[in-house]
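Here is the structure we will look at, set down as structure tokens.
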Amino acid sequence: SSVDPSEVSHFNALASSWWDPHGPSRLLHLMNPLRHTFISRCRSSVAPPLTPAKLRYLDIGCGGGIFAESAARLRDTETVTAIDPTPEVLRIAEAHRRRDPVLMGEGRLRYLNVGVEDLGIPKEGEGEGEGYDIVSVFEVLEHVSAPGPFLDTVMKQVRPGGWLVLSTIARTWTSWVVTNVVAEDVLGIVPKGTHEWGKYVNEGELREFFGKKAGWGAMRTMGVVYVPGLGWKEMTGGEGWGNYFFGVRR
């Protein structure tokens with residue numbers, strides 16, 4: 001399993017504050033609009049689009065459901081399946097979902113307390129098991145023990161023509177200062193122990209990894225930076241030293 005028990009324990013402790021826009025998950029709330037911007041750019045970068053009018057999402061490591069809920073509310077969404085191995089966080093996600101009648105529609109949004117390894121391998125032409133148009137892995141890759149095997153498992157969930165999109169942090173000295181020292185120790189805007197610098201993954205490493213995978217391509221990147229008082233902003237070249245989005249199409 002790619003699930004690190006220490007990571008589960010850490011995020012369980014943060015569960016109750018997940019939906020507080022001024023709490024420990026504040027940066028995730030602020031980043032959410034850029035997630036949708038990046039997905040839209042990925043989809044529009046390939047013409048003609050091969051994905052259907054109604055999209056099926058799989059949100060891996062969904063936490064309290066910030067992205068999953070927003071994706072489920074989109075007019076072109078058919079269904080969102082959101083998974084996370086952290087039980088306390090998913091209880092918060094499920095309770096928050098019940099506040100919105102739109103999200104309670106049959107099949108609109110469902111939460112599963114599992115790791116991606118526990119999902120069945122989709123097979124084409126089998127309805128519910130045919131894979132997903134968008135598989136999102138936001139702020140997760142830097143928390144798994146073995147990124148390569150984890151991504152190999154995740155890739156199986158993407159249908160032909162679909163996209164795997166993720167956000168993570170480059171492993172540089174700059175990112176260590178920003179995320180581990182400034183964000184956690186100095187400003188306290190991220191709970192201590194959230195990040196382990198050695199688990200960060202460079203954009204070039206992802207390009208090399210997916211470049212060796214037959215049937216995958218159209219890789220896209222978007223660097224972002226957090227500006228105090230202004231939120232997350234796109235930054236050209238930011239993928240080389242800090243936070244970034246990465247997309248690849250099957």
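Values below: every heavy atom of this structure, side chains too, minus hydrogens, waters and symmetry copies. Sequence positions, counted from 1, serve as the residue numbers for this chain.
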For this session: Evaluate side chain to side chain contact (heavy atoms under 4.5 Å, CB included) for L206 paired with L166, printing each intermediate quantity in order.
Result: CA-CA 11 Å; L206 286 178; L166 60 87; 3.9 Å; yes
Which atom pair, heavy atoms only, marks the closest approach of [X] to [Y]?
X: G115; Y: I83; answer: C-CD1, 4.0 Å
X: L90; Y: L112; answer: CD1-O, 3.3 Å
X: A170; Y: Y200; answer: O-CD1, 3.4 Å
X: E239; Y: M235; answer: OE1-O, 4.3 Å
X: V201; Y: P147; answer: CG2-CG, 4.2 Å
X: V224; Y: M31; answer: CG2-CE, 4.4 Å

Are [X] and [Y] close enough that some pair of their side-chain heavy atoms sits under 4.5 Å apart?
X: H36; Y: S70; result: yes
X: Y244; Y: I169; result: no
X: H29; Y: D20; result: no
X: M222; Y: L34; result: yes

Got a donor-acceptor contact below 3.5 angstrom from the [X] side chain to the [Y] backbone?
X: R220; Y: V248; result: no
X: H143; Y: K199; result: no
X: R97; Y: L109; result: yes
X: N113; Y: D84; result: yes
X: E78; Y: Y57; result: no
X: W232; Y: V227; result: no
X: K213; Y: M155; result: no
X: T37; Y: P33; result: yes
X: D100; Y: V102; result: yes
X: T153; Y: P149; result: yes

Are the charged groups of [X] and [Y] less than 4.0 angstrom apart, N to O?
X: R171; Y: E205; result: yes
X: R91; Y: E88; result: yes
X: E234; Y: R41; result: yes
X: R159; Y: D133; result: yes

Problem set entry | Stepwise side chain to side chain contact (heavy atoms under 4.5 Å, CB included) test for V135 and V165 | CA-CA 6 Å; V135 175; V165 293; over 6 Å; no
Exercise. According to the interplanar angle, ranging from 0 to 90°, do the rings of F210 and F246 count as parallel (below 30°), tilted (30 to 60°) or perpendicular (above 60°)?
Worked result: parallel
Return the [atom1] to [atom2] distance between [X] and [Y], rounded to the nearest 0.5 Å.
X: L164; Y: L151; atom1: CG; atom2: CG; answer: 6.5 Å
X: K156; Y: L119; atom1: NZ; atom2: CG; answer: 11.5 Å
X: R73; Y: L103; atom1: CZ; atom2: CG; answer: 4.5 Å
X: I66; Y: W19; atom1: CD1; atom2: CH2; answer: 5.5 Å
X: M219; Y: C42; atom1: CE; atom2: SG; answer: 12.0 Å
X: T81; Y: D59; atom1: OG1; atom2: CG; answer: 10.0 Å

Problem set entry | Shared hydrophobic cluster, F138 / L74 (ILVMFWY, side-chain heavy atoms < 4.5 Å) |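 Shared cluster, yes.
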For this session: Consider only side-chain heavy atoms of I, L, V, M, F, W and Y, link residues closer than 4.5 Å, and tell whether Y111 and M104 are in one cluster.
Result: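 Cluster IDs for Y111 and M104 differ.
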Exercise. Under the side chain to side chain contact (heavy atoms under 4.5 Å, CB included) criterion, do L27 and Y226 qualify, and how do the steps go?
Worked result: CA-CA 8 Å; L27 295 187; Y226 176 72; 3.5 Å; yes
For this session: Please step through side chain to side chain contact (heavy atoms under 4.5 Å, CB included) for the pair W163 and V158, ending with a clear verdict.
Result: CA-CA 7 Å; W163 285 85; V158 184; 5.8 Å; no
Exercise. Under 3.5 Å, is there a donor-acceptor pair between the R110 and T79 side chains?
Worked result: no
For this session: Answer yes if the side chains of T221 and E203 hold a donor-acceptor pair under 3.5 Å, and no otherwise.
Result: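 Judged by distance alone, the side chains do pair up.
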